[in-house]
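Quick note: residue numbers are just sequence positions, from 1. Atoms within each ligand, like the ligands themselves, are counted from 1 in listed order.
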Amino acid sequence: MWDPRSPGGRGRLDGGWDLGTMDSRALLIGNSRWHWATQRGERWSFDHAAPDPRWIDTTNLIWAAVGEVPAALEGAQESRLQLENVPLEGCPPWLGVDRALGAWGAWRRQRFQGGDLDQGLLLADAGTVLSLTLLDAHGRFRGGRLMPGLRLQLQSMASGTALLPSVARQQRTDDLFPSGTAEAMCQGVMQGLAAAVVDAYQNSGACLWICGGDAPWLEQELTRRGVSAQTNQNLQLQAMVDLIPVIKPVPGR
Ligand SMILES: Nc1ncnc2c1ncn2[C@@H]1O[C@H](COP(=O)(O)OP(=O)(O)OP(=O)(O)O)[C@@H](O)[C@H]1O
Ligand SMILES: CC(C)(CO)[C@@H](O)C(=O)NCCC(=O)O
């Protein structure tokens, strides 16, 4: 079981998995990337990688999905973690399991740290979609906001116009009003997303947590605006690890 005091994992540094020494794994299928947690002994490591069905081995795997489910997992429904397995109250049945996992995980961490929860908790998951998920002061799902994330906004600008380019890599600049087109597209989307998070934070009064692939620059933008947030890119995976006993109870216990 995950210890809330432990720091985040080291990520996959070696470029490959050693299946022979692995205990359990958790896989969260997102809309752009697959998110992996891998156990070796007492230690979990976390990795966020391009979808690749070659890494799927259903032995000792629990998985959840909001993105497209690969054929290799279609027959492994018994090890699928669904929304109803997440002990978050008040969720509508259509809520993405990633939102429930992330918000539940952030709430537990905030409570464990003795942090303020009087005005609830707001999770900004800066993924393919920027999902804002608000829990009330009792830790119940209250609602949220959804909008396209950085990459999706850049893609839609490029595909929906004649003159705007495809911007494969994020173009960061300190200039808030850049003259270059690619830089202006990135700056526009990033400032828009950061402003959306600040607005939700101010209107909810809740404590703020952030996660997702765009969390690093979002955290910097929030700091620049004087908004403090807790960042944890492995919130959902750590919540899945915690819920392994719910999906795969140890026989006889
Ligand atoms: N190596 C990468 N590949 C793809 N996106 C990346 C990468 N590194 C950072 N990003 C950023 O992360 C965002 C996608 O985040 P993430 O991987 O968390 O999404 P996801 O979990 O697949 O999406 P969702 O949860 O919304 O379905 C993109 O907007 C992109 O700008
Ligand atoms: C909003 C996303 C895309 C965020 O990953 C995912 O959680 C999802 O597909 N949710 C289903 C709809 C909802 O949460 O209201």
Side-chain angles (χ1 to χ4, degrees), residues 8-9 11-13 15 26-37 46-53 55 63-70 80-86 88 90-106 122-135 140-159 166-173 182-183 185-194 196-197 200 209-221 231-240:
R12 193 179 72 190
L13 299 175
L27 167 62
L28 174 60
I29 296 180
N31 284 289
S32 304
R33 292 197 290 175
W34 288 4
H35 310 279
W36 294 93
F46 303 96
D47 182 44
H48 310 271
D52 189 345
W55 297 118
W63 63 281
V66 292
E68 195 180 337
V69 175
R80 180 172 189 169
L81 190 146
Q82 306 267 24
L83 178 64
E84 52 269 28
N85 302 125
V86 184
L88 182 68
C91 298
W94 55 83
L95 191 75
V97 66
D98 59 338
R99 298 179 68 191
L101 283 165
W104 178 72
L122 179 69
L123 175 65
D125 183 347
T128 310
V129 167
L130 171 68
S131 67
L132 296 166
T133 304
L134 181 63
L135 305 187
R140 285 176 58 89
F141 175 80
R142 159 73 183 76
R145 297 177 183 176
L146 301 173
M147 71 208 74
L150 173 64
R151 213 158 174 234
L152 199 51
Q153 290 198 40
L154 292 172
Q155 283 168 355
S156 70
M157 275 195 272
S159 66
S166 290
V167 182
R169 293 169 105 246
Q170 188 195 115
Q171 316 277 320
R172 286 224 72 179
T173 165
E183 289 85 353
M185 289 166 71
C186 285
Q187 192 63 282
V189 175
M190 289 161 100
Q191 294 305 325
L193 289 169
V197 174
W209 282 69
I210 58 180
C211 65
D214 286 317
W217 66 257
L218 180 59
E219 184 182 27
Q220 286 175 19
E221 278 303 324
T231 302
N232 182 331
Q233 288 192 264
N234 301 315
L235 272 180
Q236 285 94 343
L237 287 171
Q238 285 165 338
M240 287 180 77

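The protein heavy atom nearest to atom 9 (C) of ligand 1 is Gly213 O, 3.6 Å. Nearest protein heavy-atom contact of atom 12 (C) of ligand 2 is Trp94 O, 3.5 Å. The protein heavy-atom contact nearest to atom 4 (C) of ligand 1 is Arg151 NH1, 3.4 Å. The nearest protein atom to atom 23 (O) of ligand 1, hydrogens excluded, is given as Thr128 OG1, 2.7 Å; this is a heavy-atom distance. Closest to atom 29 (O) of ligand 1 among all protein heavy atoms lies Asp214 OD2, 2.6 Å. Residue, atom and distance of the protein heavy atom nearest to atom 25 (O) of ligand 1 are Asp98 OD2, 3.3 Å. Taking atom 15 (O) of ligand 1 as the reference point, the nearest protein heavy-atom neighbour is Gly127 CA, 3.2 Å. Remark: minimum distance from atom 21 (O) of ligand 1 to any protein heavy atom is reached at His35 NE2, 2.6 Å. Looking from atom 8 (N) of ligand 1 to the surrounding protein, the closest heavy atom is Arg33 NH1, 3.8 Å.
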For the pair Glu183 and Thr173, evaluate side chain to side chain donor-acceptor pair (under 3.5 Å) and give the outcome as yes or no after the intermediate values.
CA-CA 7 Å; Glu183 289 85 353; Thr173 165; over 6 Å; no
Side chain to side chain contact (heavy atoms under 4.5 Å, CB included) evaluation trace for Val86 with Leu81:
CA-CA 8 Å; Val86 184; Leu81 190 146; 3.9 Å; yes
Test side chain to side chain contact (heavy atoms under 4.5 Å, CB included) applied to Leu130 and Val197, step by step
CA-CA 9 Å; Leu130 171 68; Val197 174; 3.9 Å; yes
Pair Leu123-Arg99, side chain to side chain contact (heavy atoms under 4.5 Å, CB included): steps then yes or no:
CA-CA 8 Å; Leu123 175 65; Arg99 298 179 68 191; over 6 Å; no
Would you please test Val97 and Gln236 for side chain to side chain contact (heavy atoms under 4.5 Å, CB included) and show each step?
CA-CA 9 Å; Val97 66; Gln236 285 94 343; over 6 Å; no
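Between the side chain of Gln233 and the backbone N or O of Cys211 there is no donor-acceptor pair closer than 3.5 Å. Using a distance-only test at 3.5 Å, with no hydrogens or angles considered, no donor-acceptor pair links the side chain of Arg151 to the main chain of Gly127. One N or O on the side chain of Gln153 and one on the backbone of Pro148 form a donor-acceptor pair closer than 3.5 Å.
Proximity of Val66 to ligand 1, defined as any heavy-atom pair under 4.0 Å, is confined to the side chain (atoms from C-beta onward). Using a 4.0 Å cut-off between heavy atoms, His48 makes no contact with ligand 1 at all. For Leu152, no heavy-atom contact with ligand 1 is shorter than 4.0 Å.
The shortest side-chain heavy-atom distance between Leu193 and Glu221 does not fall under the 4.5 Å cut-off. Proximity of Leu154 to Val189: side-chain heavy atoms (C-beta onward) are separated by under 4.5 Å at one or more points. Considering only heavy atoms from C-beta on, Pro70 comes within 4.5 Å of Trp34 through its side chain.
For the residues Asp98, Val66, Leu83, the heavy atom positioned nearest atom 7 (O) of ligand 2 is part of Asp98.
Within ligand 1, the atoms closer than 4.0 Å to a non-hydrogen atom of Gly212 are 18 (O), numbered from 1 in the order shown. Contact atoms of ligand 2 toward Leu146: 1 (C) (distance under 4.0 Å to a heavy atom of the residue). Atoms of ligand 2 lying under 4.0 Å from any heavy atom of Gly96, numbered from 1 in the order shown and given with element: 7 (O), 10 (N), 11 (C), 13 (C), 14 (O). The contact set between ligand 2 and Arg99, taken as ligand atoms under 4.0 Å from a residue heavy atom, comprises 7 (O), 13 (C), 14 (O), 15 (O). Close approach of ligand 1 to Val129 is summarised as follows: ligand atoms under 4.0 Å from at least one heavy atom of the residue are 26 (O). Close contacts of ligand 1 with Gly30, meaning ligand atoms under 4.0 Å from a residue heavy atom, involve 21 (O), 22 (O), 27 (O). Applying the 4.0 Å criterion to heavy atoms of Asn31 picks out, from ligand 2, the atoms 3 (C).
Not a single heavy atom of Gly67 sits less than 4.0 Å from an atom of ligand 1.
For a threshold of 3.5 Å applied to N or O pairs, the pair formed by Ser131 and ligand 2 contains no separation below that value.
Atom OG1 of residue Thr231 and atom CG of residue Leu218 lie 7.5 Å apart, to the nearest 0.5 angstrom.
Checked by atom type, the side-chain pair Asn234/His48 shows a donor-acceptor distance below 3.5 Å.
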